[in-house]
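Below is one structure, written out as structure tokens; comments come after it.
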Amino acid sequence: MDNELMIVDQWGEKFGVQDLNDKKFLENITPQQLENIAYRKKEIGIAFKKVDEVLKERLHQGEQFPHIIFSETKRANIDQSEQTKKAFVKKYGWDAVEVKSPAKLKRKYGEDIQQDLDKVTVYTTSQRLKYE
């Protein structure tokens with residue numbers, strides 16, 4: 001494909017966007033190639049976040065772009081007042097309300113809550129990518 005966006009690794013190996021969207025292609029490359037692509041993705045992701053940040057700042061300052069604008073979106077949130085929570089518990093039971101995370105509870109009530117949290121906190125493990 002002409003003028004295709006490509007990632008080039010440190011050995012000059014080129015990977016086009018079409019390749020990166022092809023799961024079979026990715027399944028058949030070497031572990032070294034996949035790791036190199038992953039590092040390039042990480043670097044590009046950081047750069048694109050900065051591009052978005054500057055773009056949003058400039059839009060907030062009133063600068064206009066021919067094909068990029070802010071759009072209005074609505075997000076539904078439930079009122080978190082004590083009255084609402086009591087009404088939902090009364091009508092729907094305790095499953096209608098949720099206990100805040102340990103971090104949120106600590107921010108709200110301070111370190112004094114830690115002893116109570118130690119008694120009820122459930123720890124789970126998950127896996128995430130770590131780049132060394």
Side-chain angles (χ1 to χ4, degrees):
M1 178 180 231
D2 291 333
N3 299 323
E4 180 184 10
L5 183 62
M6 299 194 125
I7 291 179
V8 181
D9 69 14
Q10 62 263 38
W11 294 282
E13 208 166 357
K14 298 175 184 175
F15 301 96
V17 173
Q18 245 181 334
D19 295 332
L20 301 177
N21 281 318
D22 182 354
K23 188 171 181 181
K24 287 196 183 295
F25 171 81
L26 294 172
E27 289 171 346
N28 291 315
I29 62 176
T30 68
Q32 175 109 29
Q33 289 172 316
L34 186 58
E35 184 178 29
N36 291 336
I37 291 169
Y39 271 97
R40 299 298 81 80
K41 177 193 79 77
K42 185 176 187 225
E43 293 168 355
I44 291 169
I46 292 168
F48 282 144
K49 283 182 184 178
K50 291 180 183 176
V51 168
D52 286 346
E53 184 181 308
V54 171
L55 180 63
K56 288 175 185 177
E57 286 174 10
R58 289 172 65 171
L59 282 165
H60 277 298
Q61 294 168 358
E63 195 165 335
Q64 294 183 348
F65 298 88
H67 305 288
I68 303 172
I69 59 170
F70 278 128
S71 64
E72 293 290 323
T73 59
K74 286 187 178 182
R75 184 175 176 177
N77 290 311
I78 297 172
D79 172 40
Q80 294 295 311
S81 70
E82 198 72 25
Q83 181 181 1
T84 300
K85 290 178 185 178
K86 284 179 182 178
F88 270 67
V89 168
K90 185 176 180 181
K91 187 168 183 178
Y92 301 104
W94 285 103
D95 282 346
V97 293
E98 190 174 283
V99 177
K100 291 176 171 46
S101 70
K104 287 180 181 178
L105 288 168
K106 279 185 197 177
R107 279 194 295 272
K108 183 166 182 159
Y109 300 108
E111 288 297 320
D112 295 341
I113 198 169
Q114 186 61 51
Q115 288 179 331
D116 293 327
L117 289 175
D118 290 341
K119 296 174 191 171
V120 296
T121 301
V122 177
Y123 294 95
T124 58
T125 58
S126 62
Q127 294 181 324
R128 67 177 192 189
L129 296 175
K130 180 181 178 185
Y131 293 83
E132 298 175 343

Within 6.0 Å of CD in Q115, more than 12 heavy atoms from elsewhere = no

ask   = Between atom OG1 of T30 and atom CD of E13, what is the distance when rounded to the nearest 0.5 Å?
value = 7.0 Å

key: Separation of D19 CG from K14 NZ (nearest 0.5 Å)   = 12.0 Å

ask   = Quick one: NZ on K56 to CZ on F70, what's the gap to the nearest 0.5 Å?
value = 7.0 Å

inquiry  = Tell me whether the count of non-hydrogen atoms from other residues, nucleotides or ligands lying under 6.0 Å of CG in D52 goes above 12.
reply    = yes

Show me the donor-acceptor pairs, under 3.5 Å and distance only, between side chains in residues 76-92 and residues at least two apart or in other chains.
from	atom 1	to	atom 2	distance (Å)
D79	OD1	S81	N	3.4
D79	OD2	S81	OG	2.8
D79	OD2	T84	OG1	2.7
Q80	NE2	I78	O	3.1
S81	OG	T84	N	3.3
S81	OG	T84	OG1	3.1

Approximate separation, where rounding is to 0.5 Å, of F15 CZ and R40 CZ = 10.5 Å

ask   = Would you say Q18 and F25 make side-chain contact, with heavy atoms under 4.5 Å?
value = no

key: Residues which pass ring pair (Phe, Tyr, Trp, His ring centres under 6.0 Å) with F48, listed by chain and number, not counting sequence neighbours   = none

message = Distance check, rounded to the nearest 0.5 Å: L105 atom CG versus T121 atom OG1?
response = 9.0 Å

inquiry  = Can you tell whether the side chains of E27 and K24 come within less than 4.0 Å, N to carboxylate O?
reply    = no

task = Quick one: closest heavy-atom pair of Q114 and D118, and the distance?
result = NE2-OD1, 2.5 Å

query = Among pairs that include at least one residue of residues 97-132, which meet ring pair (Phe, Tyr, Trp, His ring centres under 6.0 Å), considering only residues two or more places apart or in two chains?
reply = Y39-Y131

request  = Drop me the distance from L20's CG to I37's CD1, to the nearest 0.5 angstrom.
outcome  = 5.5 Å

task = Please check if L117 and V99 belong to a single hydrophobic cluster, counting links between Ile, Leu, Val, Met, Phe, Trp and Tyr side chain heavy atoms closer than 4.5 Å.
result = yes

ask   = According to a 4.5 Å side-chain heavy-atom criterion applied to Ile, Leu, Val, Met, Phe, Trp and Tyr, with indirect links allowed, do I29 and I44 form part of one hydrophobic cluster?
value = yes

